[in-house]
Amino acid sequence: MSKHVPNKKNQNKKSAPKEITFKPGLTVADFAEQAKKPVGDVIKKLMFLKVMANKNQVLDRDNAELLAMEYNMELKDEVVTDVTRFDEMDEEDKPEDLVSRPPVVTIMGHVDHGKTTLLDTIRHSRVVSTEAGGITQHIGAYQVEKNDKKITFIDTPGHAAFTEMRARGARITDIVILVVAADDGVMPQTREAVDHAKASKCDIIVAVNKMDVPGANPDRVKQQLADLGLLSEEWGGDIPFVHILALKNEGIDELLETIQVVAELQELKANPKRLASGSVIEARLDKGRGPVATILVDNGTLRVQDFFAVGSTYGKVRAMNNDLGKQIKEAYPGQAVEIIGLDDVPQAGDPFKVFEDEKVVKDIASERQDRAFNKEHSQKETMSLEDFFNQATGDTKKMNLIIKADVQGSIEAFRGSIGKIDVEGAEIEIVGSGVGAVTDGDILLAEASNAIIIGFGVGVPGSVRALGKEKGVEIRTYRVIYEALDDIEAAMKGMLDPVFEEQVIGEAQVRETYSVSKVGTIAGCMVTNGIVKRNAIAKIVRNGKIIFEGKIGSLKRFKDDVKEVRQGFECGITIENYNDIKEGDIIEVSTMKEV
Ligand code: GDP
C-alpha cells in the first residue's frame, strides 16, 4: 500500500488530517490509518475513554467521535446516496438555486413524558397564523415561526410512525427532540428512541420536561443519557439539553431557538425552482373527497395541477390545504400540505415525485402495482443470517445486529467478542441493544435498519414473533454467547453452503438507442420494474421472445457510471458483445441469488 512509501510517510506525519470519515463498521485499525496514528496510541486513548478495544474492534459513532476529539479532529459521516429516494437520483441542483429550507422535527420519548403536550403547546401558541384566528387543522405536520424562520413539526409523537417511515426509505426528519420527564428519567422507550434517532443519523436535542414536578432531577437525566452516549454540551458533549414545562408553556422559546441553532449547522438547502419531491406523512380515504394525503415537500415547489407518482399510485394535485386548513396554490421545501387528486391511498413514508408528463406517472404507478414484485422486493429488503453472504451491495458485506439480553453483562461480553471476529470484506454493526425481552420496538428498529435480532437468555413474546415474521425480521435466540458467535462467523464467511438460482430483479424498456464508436450501442432506457444493476445478467426481449442473453456492460445515469438504477429512472445501458439493440426492446435483468 502506498502508505509505506517513505517520503509520503514523512509528509503525512507533518500534516495530520483534520477529519475522520465515519462509516458503520469503522474499526480501531481503520481509525488509526485515517488519523495517521499508531494503532497502539489509538487503543491507549480508548482505554483513557474507558473503552477496552483491540485493533479489529468496530467503533460505534459515539466512541469514534470522542476519539476524534481526543486528536482534535472532526468526525464526518460518509455520504451515502439513498437510492430509494426519487430526488437523489435526479439531476444536481445548481448551487445558485439552493435556498435554506426549514428543519423537520420529530418528537420522541417515553409514554407520558409529555410529547403530545409539547406538540400541542407549540402548535397553539406559535403556529404561523396568516389570518386572524386561524384554526389549526391536523394534517400530520405543522409549521411554526420563530425569529422570522420556520420550523416544521411532524405531528405524530412516538417512534412507531418514525420508524415505519424510515423502513420505507423516507428520511424526513432532520432533528429529533427527545422528551424525558425530569421526575421519571430514562425509561425503556427513551432508550428505544435514542437507538432510532442514532440509527437514522438525526441530530438530537433533549427536552427535559416536567421541571415543576416534585422529585424533578434533571442531573440524573443528564447522567442517564450520558450513559447512553448522549453527552450534554455542559458536560463537554454535543447534545443540547433544554429544560421545559410543556404544560405551562415554559422553556419553549429556548427549545425553538435551540432547534434553529442545530438546523443552522445542518445547512439544510433545497431548490424551489425544480419540480417537487417529498414523502407521504399520512394518507387516508375521505368519504367526500376520496384519497387524501399529507405530503412533506422535501425539494422543489409543489403546485396545484402537478402530475405526480407516489408509492404505487399517482395523481394530479386538484387542491392543497396547509396546516391552517387554508387552500394554497404552492407548497415549498420543508412544508407539509394535504392534497387531493390521488388515484388511490398511498402509505406513510412512500416517496412522492412530480413529473412533467402524465404518462410517466401512470407508467411508474402501474409497474409498482405489480404485487408479486412488491412482495419479492419487501422480502429482499430484510435480512437473515443465511442470506447475509449474498448481499449484492458494494464490496463490503455488512451485518447489522440488535442485541437483547437478560443482563447488561452479556451485552458487553458479546460486544467484546464480536470485535474479535475478523472476516475480510465483512463488518458488523450493533445498531441497538438492551436488557429485557424482545419487543415490537426492536422489530421496527430491525426492519428499518435491516438488522437481525440476537437474544441471550431472553424470551420473545408470541405477538412480537408474529410481528417479526410479518416484517421479515429474523430473531435468533441463544443460551450462550459462543454459539451466537459461531453462527455469525459462519455466516460472515459464507459457510452456510449457498445454493444459487437465477432471479429476475428488474426490467428496463429501451426508449432510444445511440451508436458511439468504440463503445457500441447505448440503449437509453427507463427502468420500469425493480432494479437494474451493473454486471447483472441481461436478457433482451423483443416481441415477447428472448433474442440475446449476456451481461450488462456499463450502466450510466446522465454521464456518471452507477452501480444500480431503480424503477422510475432513466439510464443508459450497454450490453457486452451485443450492439443490435432496438427501441422497444425490453431488457430483463437478473442476478444469481441463494435459495
Ligand atoms: P405523551 O404520552 O408523551 O404524549 O405524554 P402527554 O403529553 O400525554 O403527557 C402526559 C401527562 O403529563 C399529561 O397528564 C400532561 O398533562 C402531563 N404533563 C405534560 N407536561 C407537563 C409538565 O410540564 N408538567 C407537569 N406537571 N405535567 C405535565
Side-chain angles (χ1 to χ4, degrees), residues 104-127 136-144 146 151-166 172-173 175-198 200 202-225 228 230 232 239-259 281-282 294 323 336 348 432 434 436 439-442 444-445:
V104 179
V105 180
T106 297
I107 296 185
M108 298 208 271
H110 194 69
V111 66
D112 268 352
H113 281 197
K115 301 180 290 295
T116 314
T117 313
L118 177 60
L119 275 166
D120 286 349
T121 302
I122 295 172
R123 184 193 351 242
H124 288 130
S125 53
R126 293 173 183 81
V127 158
T136 64
Q137 307 265 319
H138 175 90
I139 63 166
Y142 65 82
Q143 241 175 13
V144 302
K146 173 87 191 156
I151 304 172
T152 303
F153 284 91
I154 302 292
D155 204 0
T156 34
H159 47 245
F162 177 84
T163 314
E164 287 274 3
M165 284 190 215
R166 209 162 70 75
I172 60 172
T173 301
I175 298 171
V176 166
I177 306 286
L178 182 67
V179 177
V180 187
D183 55 336
D184 211 15
V186 167
M187 297 300 277
Q189 285 167 293
T190 317
R191 271 187 215 106
E192 274 182 25
V194 170
D195 284 342
H196 286 293
K198 278 189 185 168
S200 70
C202 292
D203 278 326
I204 300 174
I205 297 172
V206 176
V208 184
N209 189 31
K210 305 199 189 183
M211 289 296 291
D212 56 333
V213 176
N217 187 349
D219 276 342
R220 185 175 62 132
V221 174
K222 226 174 250 176
Q223 181 59 56
Q224 289 174 326
L225 287 174
L228 295 179
L230 299 185
S232 79
I239 307 287
F241 277 60
V242 183
H243 292 179
I244 61 166
L245 262 170
L247 197 58
K248 299 192 184 136
N249 194 2
E250 285 174 29
I252 309 299
D253 280 324
E254 198 196 333
L255 180 63
L256 297 181
E257 274 163 16
T258 307
I259 292 171
I281 294 184
E282 277 185 14
T294 298
D323 51 0
T439 63
D440 286 355
D442 295 328
L444 292 176
L445 178 61

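Whatever order the structure lists ligands and atoms in, that order sets their numbers, starting from 1.
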With a heavy-atom distance limit of 4.0 Å, tell me whether [X] approaches ligand 1 through its side chain, its backbone, both, or neither.
X    : value
V213 : side chain
D212 : side chain
I244 : neither
H110 : backbone

Nitrogen or oxygen of K248 less than 3.5 angstrom from that of ligand 1: no

Close N or O approach (G114, ligand 1; < 3.5 Å):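 Yes, G114 has an N/O under 3.5 Å of an N/O on ligand 1.
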
Sole candidate of V194, L230, L228 that passes side chain to side chain contact (heavy atoms under 4.5 Å, CB included) when paired with V186: L228

Heavy-atom nearest neighbour of atom 11 (C) of ligand 1 within options M108, H113, K210: K210

Selected option - heavy-atom contact closest to atom 20 (N) of ligand 1, from V179, N209, D120: N209

Hey, what do you get for [atom1] ([X]) to [atom2] ([Y]), rounding to the nearest 0.5 Å?
X    : Y    : atom1 : atom2 : value
L256 : I122 : CG    : CD1   : 5.5 Å
L178 : I204 : CG    : CD1   : 6.5 Å
D203 : K198 : CG    : NZ    : 13.0 Å

In ligand 1, which numbered atoms sit nearer than 4.0 Å to a non-hydrogen atom of [X]?
X    : answer
A246 : 20 (N), 23 (O)
V111 : 2 (O)
L247 : 16 (O), 20 (N), 21 (C), 22 (C), 23 (O), 25 (C), 27 (N), 28 (C)

Close side-chain approach of I107 to T116, heavy-atom, < 4.5 Å: no

Residues D155 and R123 bridged, charged N to O under 4.0 Å: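 Answer for the salt bridge query: yes.
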
Working for side-chain contact (heavy atoms from CB on, under 4.5 Å), residues L255 and L118: CA-CA 11 Å; L255 180 63; L118 177 60; 4.1 Å; yes

Residues D442 and T439: side-chain donor-acceptor under 3.5 angstrom: yes

